[in-house]
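What follows is a short report on a single structure.
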Amino acid sequence: MAWRVGVDSGGTFTDVCLYHEESGRFEQWKVPSTPEDPSLGIATSVAEGLAKVGAAADEISYFGHGTTVATNSLIELRGAKTGLITTGGFRDLLEIGRQMRPSLYDMMAEKPPVLVPRRLRREVPERIRFDGAVETPLDLKRLRDEAARLADDGIEAVAICFLYGYLDPRHEKAAKEVVQEEFAGFVSTSHEIAPEFREFERLSATVVNAFLGPVMKRYIERLSERLRAAGMSAAPHMTQSNGGVIGFETAARLPVRTLLSGPSTGVVAAQEIARKAGFENVMTFDMGGTSSDVALLENLECKRSKDSVVHGYPIKTPMLDIHTVGAGGGSIAAMDSGGLLKVGPRSAGAVPGPACYGMGGIEATVTDANVVLQTLNPSQLLSGRMKLRRDLAHDAVDRLSRELGLGLCETAQGIISVATANMAKALRVVSVERGFDPREHALVAFGGGGPLHAARLAKELEIEKIVVPPTPGSLCALGLLLTDLKADFTASRIVPLDYDAAPVIEDMLQHLIRQAGNWFENESIPLEGRSLLRASDLRYAGQNYELQVPFPPGPPNARSIDGLKRKFEEAHRRQFGFASPDDAVELVALRLEAVGTVSKAALRRSETAACGIDPAPIGERDVWMPEFSERVPCPVFDRGDLEYGHLLKGPAIVEQMDTTTLILPDMRAAVDRFENLIMDFG
């Protein structure tokens, strides 16, 4: 067995990347996604990819998978019918939340639908105090009655969340046993999902996990069956939102951790590519068929968030700090009630897709606009495997142009400009709004649409350098071959950060180390492949927010506690501009990231001398560009013909199986030793 396979299943296309461990050979493949059953598209992409390299499924040594099943199920509210069992008096917490409007100054803003209706939210007498003492024992008879009533209501999943379940999980564990006796479906408990204080966020994450559990379980079972039927024996893995991977069994139990399954490995791959290309500070731009995902890497590190909001639902699990906007190739353009052009967030998806796909779509999309402008090949995609209908794209954009009172090409370019503005706004969220200057970062563009729109986006934000990887359309699939197995563990207890608290902190730390050890054993990680990364959430006493600070190695003692305080003050000063050395500091949580190192793919590096001959174009296409307000002849190059040292001057187009790259008139693009296209405005 010698092939490592990564598969990223998106809303429009499914990408597969294959890496031969002995020869270092890379191959990629792309097929349309199958939204009605994503596992079918995955099985098809793997089978066709293996056929391309002349391999069989039993030659796969590693299989990694990124998916949007959990994300799409939450966005489209296609989860399971879910019940909730909680502490007496807290039945309505899920609906009350933090009593905050989603947008402070938007009087029309609406909260997302509550995932568990009130009639399916049940209370049971129990109470554990803030110090861990049991004030009211769990009423097992009442619990059994409520579980039976929920089962009679036809629910598929149950979320169990007690007020202080994170501090002492004994009541939740007992409740889970009773519920499983009365109910054969999916059960989710808060101490397993988010063992941290702040009851609403913990409750929300637990409910989302239960809501997604049956959907993800069915999906994983179907996919596993298809892979086994194809002859694959390697243990499959799935990407988490933190950029690492976990086994299918864990993913089925904790689907809330896969909400950013697809985009996270794109960031992992972009990180490695930027490192090889010599860039330390970059922003990633992943444009797919439905949305665009962006992230910022400072010193090649992507910030991690422990408190995220996905489609309006608080999710208290570790995630890479990725921001998503509804601007993709399938984003639909329309005139709003004020007569202005709007693009997204509605998407044509894979079915019916953009009008040019010829599958029944009639509304103009970003892809249709590119076909009209001819920045995108107007007749085919995927190296000819997918035919496009230029006439249908023209018809869709023409209908919109008549509504707007503009010309055909002006309307098409307007769609691109509005989509670019939406994507620029997303990049400003992760840069300008957090104190970073986008002009000091390179832009790593990938996804099926990233390289096509990167030049316009960089120009909008005054970014000087763009990096287009060798296989941008399947970079998320490649990232699956560049990451390790990861799991996060948390212990939450509010204690003063002083010498007297050292024994309590040590107990918390040992509890996490035992949990990590069990995970290593379950994942069959050898001793030499295990590592632990420690962090702590700290705050000044009286504050209602925390800062995460690396926790030093070894047991907590006077020296390490003093060091933690200094690091916290530095972080507080950097974040807020001041520190208060005389104020007491509290430890709120300890975090442990367990990393199981696995064999990874190696990016190829050219050792030959730079090519001194200009590359020959494979053709020419008239492209409408706003710089000229007309169509101009534009040379078209095949990415496979480009070698280290080649230099292209805009305007030009570079085509490859998985994407198209647009080089603007005032730009140039050079091929580096790792086959990246480095574009700039020189």
Side-chain angles (χ1 to χ4, degrees), residues 1-10 13-34 38-69 219-220 222-240 243-251 258 261-266 268-269 272-273 382 446-448 469-486 523-524 596-604 657-658:
M1 296 191 294
W3 287 96
R4 299 178 66 80
V5 177
V7 181
D8 178 55
S9 176
F13 288 100
T14 296
D15 307 317
V16 60
C17 185
L18 302 99
Y19 173 74
H20 194 266
E21 294 178 326
E22 297 173 6
S23 66
R25 176 186 175 188
F26 271 109
E27 292 291 348
Q28 60 172 327
W29 199 246
K30 182 186 284 279
V31 301
S33 294
T34 51
S39 67
L40 177 60
I42 293 167
T44 301
S45 68
V46 172
E48 293 183 4
L50 288 172
K52 181 182 179 183
V53 300
D58 61 0
E59 296 178 67
I60 296 175
S61 61
Y62 173 87
F63 180 88
H65 170 42
T67 180
T68 57
V69 168
Y219 168 68
I220 287 176
R222 284 197 302 268
L223 178 56
S224 299
E225 184 178 342
R226 291 186 187 277
L227 295 174
R228 283 194 301 269
M232 192 186 87
S233 58
H237 294 84
M238 185 172 289
T239 323
Q240 295 183 97
V245 293
I246 50 178
F248 268 23
E249 182 180 340
T250 305
T258 68
S261 174
S264 65
T265 47
V268 171
E272 183 63 18
I273 283 169
L382 306 183
F446 53 100
T471 58
S474 58
L475 199 72
C476 291
L478 172 62
L480 283 155
L481 308 182
L482 299 173
T483 190
D484 291 312
L485 274 71
K486 294 180 182 179
E523 295 289 346
S524 302
T597 304
V598 298
S599 175
K600 301 181 191 65
L603 301 181
R604 290 176 297 194
M657 187 275 290
D658 57 335

Okay, side chain of [X], backbone of [Y]: is any donor-acceptor separation there less than 3.5 Å?
X: S261; Y: T67; value: yes
X: E272; Y: A269; value: no
X: H20; Y: L18; value: no
X: S61; Y: A2; value: no
X: D15; Y: K30; value: no
X: Q240; Y: I246; value: no
X: T483; Y: G243; value: yes

Sequence neighbours left out, what passes side chain to side chain donor-acceptor pair (under 3.5 Å) with S33? Give chain and number order.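 Result, side chain to side chain donor-acceptor pair (under 3.5 Å) vs S33: T14.
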
Residues forming a side chain to side chain donor-acceptor pair (under 3.5 Å) with Y219, sequence neighbours excluded: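 Side chain to side chain donor-acceptor pair (under 3.5 Å) check on Y219 returns H65.
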
Nearest 0.5 angstrom please: [X] [atom1] to [Y] [atom2], how far?
X: L485; Y: T250; atom1: CG; atom2: OG1; value: 9.0 Å
X: H237; Y: L480; atom1: NE2; atom2: CG; value: 11.0 Å
X: T471; Y: D658; atom1: OG1; atom2: CG; value: 6.0 Å
X: S474; Y: D8; atom1: OG; atom2: CG; value: 9.0 Å
X: L227; Y: R222; atom1: CG; atom2: CZ; value: 12.5 Å
X: L478; Y: T265; atom1: CG; atom2: OG1; value: 9.0 Å

With sequence neighbours excluded, what pairs up with R604 under the salt bridge (charged side-chain N to carboxylate O under 4.0 Å, His left out) test?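 If we apply the salt bridge (charged side-chain N to carboxylate O under 4.0 Å, His left out) test to R604, skipping adjacent residues, there are no hits.
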
Does a side-chain heavy-atom distance below 4.5 Å link [X] with [Y]?
X: V53; Y: W3; result: yes
X: L475; Y: I273; result: yes
X: F248; Y: S224; result: yes
X: C476; Y: F446; result: yes

Please collect all side chain to side chain donor-acceptor pair (under 3.5 Å) contacts where either partner lies in residues 39-53, sequence neighbours excluded, each pair once.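 Listed once each, the pairs are E27-K52, W29-E48, D37-S39, S39-R226.
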
Quick one: which residue pairs count as a salt bridge (Lys or Arg N to Asp or Glu O under 4.0 Å) with a foot in residues 469-481, not counting sequence neighbours?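 For residues 469-481: none.
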
For F63, check ring-ring contact (aromatic ring centres under 6.0 Å, His included) against everything at least two apart and list the hits.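 ring-ring contact (aromatic ring centres under 6.0 Å, His included) list for F63, sorted by chain: empty.
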
Geometric cation-pi criterion, R4 with Y19: 6.0 Å, 45°: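 Because its charged atom misses either the 6.0 Å distance or the 45° angle limit, R4 does not stack over Y19.
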
Nearest heavy-atom pair of L482 and K600: which atoms, and what distance?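 Here L482 and K600 meet closest at O-CD, 3.3 Å.
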
